[in-house]
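Each chain gets a letter, A, B and so on, in the order the sequences are listed, and its residues count up from 1.
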Protein chains: 2
Amino acid sequence: MQDYTPAQQRVLDAAAAAFSEHGFGGTSTRDIAVRAGRSPAAVYVHYSSKEDLLFAVSRRGHEAALRAMLDARDTATCPHDRLTAMVHASTLWHLENALLARVVQHEFGALTEPHRSTIAALRRETSQLVVDAIEDGNASGDFDVADHDVTGTARALLSLAIDLVRWFSPDHLDRAEGIANLNVRLAERMVGSRHRPPPRSPSTGR
Amino acid sequence: MQDYTPAQQRVLDAAAAAFSEHGFGGTSTRDIAVRAGRSPAAVYVHYSSKEDLLFAVSRRGHEAALRAMLDARDTATCPHDRLTAMVHASTLWHLENALLARVVQHEFGALTEPHRSTIAALRRETSQLVVDAIEDGNASGDFDVADHDVTGTARALLSLAIDLVRWFSPDHLDRAEGIANLNVRLAERMVGSRHRPPPRSPSTGR
DNA sequence: GTCTATAGGGGGATAGAC
DNA sequence: GTCTATCCCCCTATAGAC
């Protein structure tokens with residue numbers, strides 16, 4: 001994590017919006033400059049190249065998503081709650097930051113070394129959080145993972161949140177909480193959770 | 001579905017590879033021409049613009065993916081087998097055609113009207129197949145969908161296959177069958193399938 | 001149906017004044 | 001730290017010969 005000046009932040013936000021809308025290759029530095037209310041040259045005072053700007057956007061996004069999952073993990077006290085809190089937080093983060101998240105998840109291939117390796121490390125760290133959470137529950141007997149495939153199940157859980165950025169837009173924000181809750185229910189089933197939620201009355205169910 | 005001449009097909013394949021690697025905006029028509037072994041001008045004999053070429057790639061991919069799911073659906077005789085066959089087929093298609101699938105799933109936003117609407121219709125058709133399969137099983141009592149949210153569950157099932165294109169490459173093809181099988185197991189859990197697979201001996205489990 | 005050549009525009013990035 | 005102006009390159013697409 002690192003701080004940005006207001007000017008840097010403004011360019012960063014403009015770049016995130018432009019990359020999200022047109023892709024890295026389809027975005028011109030002029031477009032970014034206009035969105036940021038600056039001249040094209042002003043962009044290069046803060047970032048040395050378009051790719052450097054993508055790296056800043058991508059790193060900031062990955063760090064924020066990771067932070068959200070770490071916070072969720074640390075508020076829970078049992079494997080079930082830990083995993084579901086992480087799924088809920090990750091889903092909500094991708095929905096509430098859909099534009100940034102789209103850049104994070106779809107523009108990795110446009111990064112060049114050494115930036116690519118830095119981002120790859122953040123991704124591994126995030127994945128490992130989910131793997132660890134599943135393994136904890138599996139070891140304690142709270143979970144019963146399909147085919148004993150912990151890494152594959154972790155991949156699938158992450159996909160539930162990540163793939164939302166392919167279509168979700170801020171227009172749909174009122175549906176975010178419902179989607180996050182569904183992902184939590186699905187995650188419980190996917191890991192074979194034996195944790196029983198307090199059942200709602202069947203007669204008033206829905 | 002429609003046929004292409006060998007020359008059209010060659011340009012189409014070149015474009016799919018280039019779009020997959022660099023994105024639509026990051027791909028030049030010269031790059032496509034070189035990959036196809038043609039001059040830049042030859043591309044425009046077969047396609048009127050770069051966007052028209054993306055449309056052809058996208059339509060061909062969507063139609064192939066839809067066909068794979070339709071074939072899977074029609075080979076099954078009960079709701080459980082129908083859904084799992086579709087999940088297996090969809091997952092395998094996205095893995096075995098990962099480069100094309102990446103264009104299909106990540107470059108939708110670069111399409112312009114009326115192409116965008118044509119592709120959107122193919123996507124709705126594909127989604128509806130999954131929704132119908134889940135509803136069938138829910139109605140027959142074979143499934144017990146979480147929160148009674150059929151469309152949300154369908155979205156999640158599709159994400160399990162689709163999100164693979166974000167990282168999967170042809171280098172990993174030996175893992176495709178294992179991933180498809182895991183997605184099937186996860187799908188069974190996600191829809192609350194009561195169908196019991198023949199249990200393997202617990203003592204020799206895995 | 002393919003080529004060479006090129007028109008016409010927009011791209012990333014920099015120079016130098018303020 | 002921001003601007004205007006601009007370099008130089010590559011872009012999409014077309015013209016016209018074969």
Side-chain angles (χ1 to χ4, degrees), chain A residues 2-60 103 107-116, chain B residues 2-60 103 107-116:
Chain A
Q2 90 180 59
D3 287 335
Y4 293 90
T5 66
Q8 281 176 322
Q9 185 65 54
R10 188 160 172 170
V11 173
L12 208 64
D13 291 344
F19 292 155
S20 178
E21 190 169 341
H22 300 120
F24 177 75
T27 298
S28 70
T29 54
R30 282 171 171 79
D31 182 10
I32 295 169
V34 167
R35 290 180 193 245
R38 294 285 190 285
S39 72
V43 171
Y44 289 88
V45 174
H46 306 291
Y47 302 94
S48 65
S49 70
K50 193 172 85 161
E51 192 273 340
D52 191 50
L53 194 37
L54 172 63
F55 173 57
V57 171
S58 187
R59 185 177 50 183
R60 201 167 168 74
V103 180
E107 302 300 335
F108 177 79
L111 292 166
T112 55
E113 294 296 349
H115 294 160
R116 186 192 284 254
Chain B
Q2 89 181 60
D3 287 334
Y4 292 92
T5 66
Q8 281 176 322
Q9 186 64 55
R10 189 160 171 169
V11 173
L12 207 65
D13 291 345
F19 291 155
S20 178
E21 190 169 342
H22 301 120
F24 177 75
T27 297
S28 70
T29 53
R30 280 173 169 78
D31 183 10
I32 295 169
V34 167
R35 289 181 194 243
R38 294 285 190 287
S39 73
V43 171
Y44 290 88
V45 174
H46 306 290
Y47 303 94
S48 65
S49 70
K50 193 172 86 161
E51 193 273 340
D52 191 51
L53 193 37
L54 172 64
F55 174 57
V57 170
S58 188
R59 186 177 51 182
R60 202 167 168 73
V103 179
E107 302 299 336
F108 176 80
L111 292 167
T112 55
E113 293 296 349
H115 293 159
R116 186 193 284 254

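- When each of A/Ile32, A/Thr29, A/Leu53 is checked for a side chain to side chain contact (heavy atoms under 4.5 Å, CB included) with A/Tyr47, only A/Leu53 meets the rule.
- Every residue meeting the ring-ring contact (aromatic ring centres under 6.0 Å, His included) condition with B/His115, not counting sequence neighbours, appears here in chain and number order: B/Phe55.
- Heavy atoms only, all atoms of each residue included: B/Ser49 and B/Tyr44 are closest at CA-CE2, 4.0 Å.
- Near-neighbour residues of DNA chain C inside residues 24-31 of chain A, defined by a heavy atom below 4.0 Å, number-ordered: A/Thr27, A/Ser28, A/Thr29, A/Arg30.
- In the set C/dT2, D/dG1, C/dA13, the nucleotide with an atom closest to the side chain of A/His46 is D/dG1.
- Taking atom CZ of A/Phe19 as the reference point, atom P of C/dG12 lies 9 Å away to the nearest angstrom.
- Counting heavy atoms from C-beta outward, B/Gln9 and B/His46 have side chains that stay 4.5 Å or more apart.
- The CZ atom of A/Arg38 sits 19 Å away from the C1' atom of D/dA5 (whole-angstrom rounding).
- Taking B/Arg10 as the reference, B/Ala36, B/Arg38 meet the side chain to side chain contact (heavy atoms under 4.5 Å, CB included) condition, with sequence neighbours excluded.
- Nearest to the side-chain atoms of A/Ser49 among the listed nucleotides D/dC3, C/dA13, C/dC3 stands C/dA13.
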Check step by step if salt bridge (Lys or Arg N to Asp or Glu O under 4.0 Å) holds for B/Glu21 and B/Arg35.
CA-CA 12 Å; B/Glu21 190 169 342; B/Arg35 289 181 194 243; 3.0 Å; yes
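- Here the side chain of A/Tyr44 is nearest to one of D/dA13, C/dT2, C/dT14, namely C/dT14.
- Residue A/Ile32 contributes atom CD1, which lies 11 Å from atom P of C/dG11 at whole-angstrom precision.
- For A/Ala41, the side-chain atoms get nearest to D/dT4 when compared with the rest of C/dG1, D/dT4, C/dC3.
- Rounded to whole Å, the distance from NZ on A/Lys50 to P on C/dT14 is 15 Å.
- Atom pair B/Tyr47:OH and C/dG1:P shows a separation of 12 Å (rounding to whole Å applied).
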